[in-house]
Amino acid sequence: MEILKFYSKTCGPCKALERNLKQTDIVYKDIEISSEEGMELADKYGIMSIPTLVKIDGDKIDIKHGVISPEDLEKWAQTSI
């Protein structure tokens with residue numbers, strides 16, 4: 001399983017989500033939306049807003065938008081798709 005975090009350096013909600021993620025043990029990959037890789041992956045997963053988390057397990061995906069509490073992040077990360 002892999003978790004991608006789509007964000008922008010200037011996005012206030014993105015910074016709030018980052019603070020919440022740091023309170024968890026969740027391993028994730030940062031994808032800056034303005035980078036070439038970010039644009040390609042955002043298109044691939046249909047990302048229309050940030051912050052967005054994408055959980056990938058094989059060919060299954062689960063997407064969460066916005067600021068999520070540390071407790072809800074832990075539950076989401078541990079739930080199978």
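Everything numeric in this text was worked out from a predicted model, so none of it was measured.
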Visitor: Scan for side chain to side chain donor-acceptor pair (under 3.5 Å) pairs involving residues 16-28, sequence neighbours excluded, and state none if there are none.
Guide: K5-E18, E18-Y28
Visitor: What closest approach, in Å, do V67 and P13 show between heavy atoms, and which atom pair accounts for it?
Guide: CG2-O, 3.4 Å
Visitor: Of all residues at least two apart in sequence or in a different chain, which pass the side-chain contact (heavy atoms from CB on, under 4.5 Å) check with K29?
Guide: E2, L4, I31, E37
Visitor: Run through D30, L17, I50 and flag the one making a side-chain contact (heavy atoms from CB on, under 4.5 Å) with Y7.
Guide: D30
Visitor: According to the side chain to side chain donor-acceptor pair (under 3.5 Å) rule, which pairs have a member within residues 44-58, sequence neighbours left out?
Guide: T52-H65
Visitor: For T10, enumerate each residue passing the side-chain hydrogen bond (donor to acceptor under 3.5 Å, both in side chains) test, keeping only those at least two apart in sequence or located in another chain.
Guide: S8
Visitor: With a 4.5 Å limit on heavy-atom distance, are the side chains of L73 and L53 in contact?
Guide: yes
Visitor: Could you work out, with side-chain contact (heavy atoms from CB on, under 4.5 Å) as the rule, every residue matching K60, not counting sequence neighbours?
Guide: I81
Visitor: Taking W76 as the starting point, is it possible to reach V54 by hopping between hydrophobic residues whose side chains are less than 4.5 Å apart?
Guide: no
Visitor: Once you round to the nearest 0.5 Å, how far does CD of E74 lie from CG of L21?
Guide: 9.5 Å
Visitor: Tell me every residue that passes side-chain hydrogen bond (donor to acceptor under 3.5 Å, both in side chains) with K64, counting only those two or more places apart in sequence or in another chain.
Guide: none
Visitor: Could you report the tightest heavy-atom contact between F6 and A42, atom names first, then the distance?
Guide: CE2-N, 3.6 Å
Visitor: Answer yes or no: does atom CE of M1 have more than 12 heavy-atom neighbours from other residues, nucleotides or ligands under 6.0 Å?
Guide: yes
